[in-house]
Asker: 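Below is the structure I would like to discuss, written out as structure tokens.
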Number of protein chains: 2
Amino acid sequence: MMSKDQALIAVDAMGGDGGPRVVIAALALALSTDPDLRFRVYGDEALVRAQMDLFPELAPACTICPAPDVISGEEKPSLALRRARKSSMGMAISAVKTGEADAALSAGNTGALMAIAKLYLRMMRGIDRPALTTILPTLGKNGVVMLDLGANTECDMRNLVQFAVMGAVYAQSAMGIPRPRLSLLNIGTEEMKGTEDLRAAAALLRQTEQTAFQYTGFIESDRIGQGDADVIVTDGFSGNIALKTIEGTARFITNLLRRAFSSSLRSKLGFLLSKPAFRLFRVYLDPNNHNGAIFLGLNGIVVKSHGNANVSGIAQAVHLTAKLVRSNLVNCIADDLDMFFSQASNKELQA
Amino acid sequence: MMSKDQALIAVDAMGGDGGPRVVIAALALALSTDPDLRFRVYGDEALVRAQMDLFPELAPACTICPAPDVISGEEKPSLALRRARKSSMGMAISAVKTGEADAALSAGNTGALMAIAKLYLRMMRGIDRPALTTILPTLGKNGVVMLDLGANTECDMRNLVQFAVMGAVYAQSAMGIPRPRLSLLNIGTEEMKGTEDLRAAAALLRQTEQTAFQYTGFIESDRIGQGDADVIVTDGFSGNIALKTIEGTARFITNLLRRAFSSSLRSKLGFLLSKPAFRLFRVYLDPNNHNGAIFLGLNGIVVKSHGNANVSGIAQAVHLTAKLVRSNLVNCIADDLDMFFSQASNKELQA
């Protein structure tokens, strides 16, 4: 008998830099704190079994599903689509479509994952395009949901508004915020700033009543991490620029820090003394602790882990996936979309 | 008699958060290390004189030019244009046009500064739009010139290519790099990534011979500070997002650091020990040490200081302005534009 809290996740064991070695260890780690997890593990049977043998406690929670093919990290999405059917990634997503699993998780090729997920699961009614979505850390009480992070190079007003509705539901599901504060990323906060599509989306969000979110206007990118917003909506180009700039700047600064601390015997001693305090700092900045992005807008949950995530990073993505399954994310998005589009002025905004 | 190295700068004394108090002190500081500087100081005569009295060494290097009006930080560019003629900002830019000064410097309203500079100085032959340009610190040997940082919300292929030519000359003038490595900011390094305009600009830069720069392909925003490129060209929307994300992330991390260091007595002691090493770290991250942005593409040099720059920050912008005057920036750009557009395939790229 399935417990109410059971979450059955289809896992692509072959994706990511570490492959089955890291993925299987991550499943064991995740299971140790959430015994209601169940996995269908897709990949090379011999490799998967060899890793599973190291974690005997996994056996009762896992079904091994042999997949003859692997989508590589460099493969173009168009080529990946042709080989999807027999690949670990494609088979994991297919399991969501057939109902064999509640959600899919992969650390593989992002472009291929999106293409296959779009083909197998199709877009939700009312949504034109999927949005790559993640939660970034902030100095506030909770993180900030940000979308689109690169699924769509160009986005029009309709895309942005659809992303807003989906992003708000995601903040409710993943962070438990009843009525998230939502902003549009722009290069200034004044009404006349930004592209025509941004201004049109802002005008529409300002007018719309009965939303599951509170629209709080434009936000500039220097305030992404300040905790001013629970959801930030942007086009995929700008979102990707912002996300990677955060990553690059964090790396830049920690590199400078390392140089500063190792510049003299005295500063090395200072580092040793401060080390326990720095552990907290590292926990906060380590992307493994915020791992897991999702393609919103599909008829099913597909979570993408960072390719270079470590064991605890992938376990983090497993927990996120389970949370989204248990909060019934896809149905909640469908309900909110219905509510949003049912308002007279928003009818023409659905796909 | 003017020395060859003399640089005469028209200074808007009223711009920026600190006004004449900070600006005048900055001129004195700059003059102390570069005695060939000369200033025309525009602003409220009483306020300027009161500050100048504190730095008697400034008197022989300065001409006070009373300006009855001030453009505020919130003023819309369209309104600022109407009041430009009698404002400290407008009069400083006008001095560049009439030849009374070699360059103008202001810490005031960026939008107003651009609008007035465009109206008074006009675009250079061959250039459609000005690009806001600055130098960001990197982990490499030199900084990286980045443009456009927000002057143009949308940029087409022609704008991007024109920015490339100008940005390369700027890297030569401001950083002394003979043949800068130039990249286009994109959300991936593969040829098919990004907008149509980006891909077209890349194709053109790849083909062009006899450039004053070496085109090295697309660059992603996580590598801006790595020293891989000497010039990074982007549209004003993405450039502004990247710039402000760097600022916000740096603030975010230094805030976390402060929390880490003050979390226990032990870490406070560690901080005290490491403090001298951190001074270097701060010097590197302090925006005052990289202060000064320029609108490239105008018939004249107009440098914008950060509004909240301190005395040493504005002095830094003064030194940058003098460097650009002495390297004959505007003529060098004109020459390189001529060379670039004279190539058969590039004729249609000029304004």
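What you see is a predicted model; the values in this text were computed from it and never measured. Throughout, a chain's letter reflects where its sequence line sits, starting with A, and its residues are numbered from 1.
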Asker: Contact part of A:Leu285 toward chain B, heavy-atom cut-off under 4.5 Å: side chain, backbone, both or neither?
Answerer: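 When you check distances to chain B, only side chain atoms of A:Leu285 fall under 4.5 Å.
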Asker: Any idea which of B:Gly150, B:Gly270, B:Gly248 has the most non-hydrogen atom pairs under 4.5 angstrom with chain A?
Answerer: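 The residue among B:Gly150, B:Gly270, B:Gly248 with the greatest pair count is B:Gly270.
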Asker: For A:Leu243, which atoms come within 4.5 Å of any heavy atom of chain B: side chain, backbone, both, or neither?
Answerer: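 When you check distances to chain B, no heavy atom of A:Leu243 falls under 4.5 Å.
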Asker: When heavy-atom pairs shorter than 4.5 Å are enumerated against chain B, which of A:Thr245, A:Thr249, A:Thr153 gives the highest number?
Answerer: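 When all of A:Thr245, A:Thr249, A:Thr153 are compared, A:Thr245 has the most.
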Asker: Picking from B:Phe271, B:Phe237, B:Phe261, which has the most non-hydrogen pairs under 4.5 angstrom with chain A?
Answerer: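 Of the options given, most contacts go to B:Phe237.
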Asker: Which of the residues A:Ala242, A:Ser263, A:Ser262 is involved in the greatest number of heavy-atom pairs with chain B at under 4.5 angstrom?
Answerer: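 Between A:Ala242, A:Ser263, A:Ser262, the count favours A:Ala242.
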Asker: For chain B, which candidate among A:Leu185, A:Leu257, A:Leu269 shows the most heavy-atom pairs at distances under 4.5 Å?
Answerer: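 That would be A:Leu257.
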Asker: Please flag which part of A:Asn240 lies under 4.5 Å from any non-hydrogen atom of chain B: side chain, backbone, both or neither.
Answerer: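 Contact with chain B involves both backbone and side-chain atoms of A:Asn240.
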Asker: Go through the atoms of A:Leu136 and report whether side chain, backbone, both or neither lie under 4.5 Å from a heavy atom of chain B.
Answerer: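 Neither part; nothing is under 4.5 Å.
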Asker: To the closest 0.5 Å, what do you measure between CD1 (B:Ile241) and OG (A:Ser221)?
Answerer: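 If I round to the nearest 0.5 Å, the distance is 4.5 Å.
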Asker: Measuring heavy-atom distances to chain B, does A:Phe252 have an atom under 4.5 Å in its side chain, in its backbone, in both, or in neither?
Answerer: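 Its backbone and side chain both get close to chain B.
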Asker: Non-hydrogen atoms of chain B under 4.5 Å away: do they reach the side chain of A:Ser264, the backbone, both or neither?
Answerer: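 Contact with chain B is absent: no heavy atom of A:Ser264 under 4.5 Å.
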Asker: Kindly indicate, with the supporting measurements, whether the criterion side-chain contact (heavy atoms from CB on, under 4.5 Å) is fulfilled by A:Ile253 and B:Thr254.
Answerer: CA-CA 9 Å; A:Ile253 295 179; B:Thr254 44; 5.7 Å; no
Asker: Which heavy atom in A:Ser274 sits nearest to a heavy atom in B:Ser267, and how many Å separate them?
Answerer: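 Heavy-atom minimum between the residues: OG-O, 3.9 Å.
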Asker: Quick one, A:Leu256 and B:Leu139 - any side-chain contact, counting heavy atoms below 4.5 Å?
Answerer: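 Of all side-chain heavy-atom pairs linking B:Leu139 with A:Leu256, at least one is under 4.5 Å.
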Asker: Using a cut-off of under 4.5 Å on heavy-atom pairs, state which of B:Arg259, B:Gln226, B:Lys268, B:Met192 scores highest against chain A.
Answerer: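 It is B:Arg259.
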Asker: Any idea which of B:Arg223, B:Glu190, B:Arg251, B:Glu247 has the most non-hydrogen atom pairs under 4.5 angstrom with chain A?
Answerer: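 Looking at each option in turn, the highest pair count goes to B:Arg251.
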Asker: Would you compute the distance between atom NZ of A:Lys244 and atom CD1 of B:Ile187 and round it to the nearest 0.5 angstrom?
Answerer: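 That separation rounds to 6.5 Å.
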Asker: What's the spacing between A:Leu273 CG and B:Leu265 CG if we round to 0.5 Å?
Answerer: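 Between atom CG of A:Leu273 and atom CG of B:Leu265 there are 10.0 Å.
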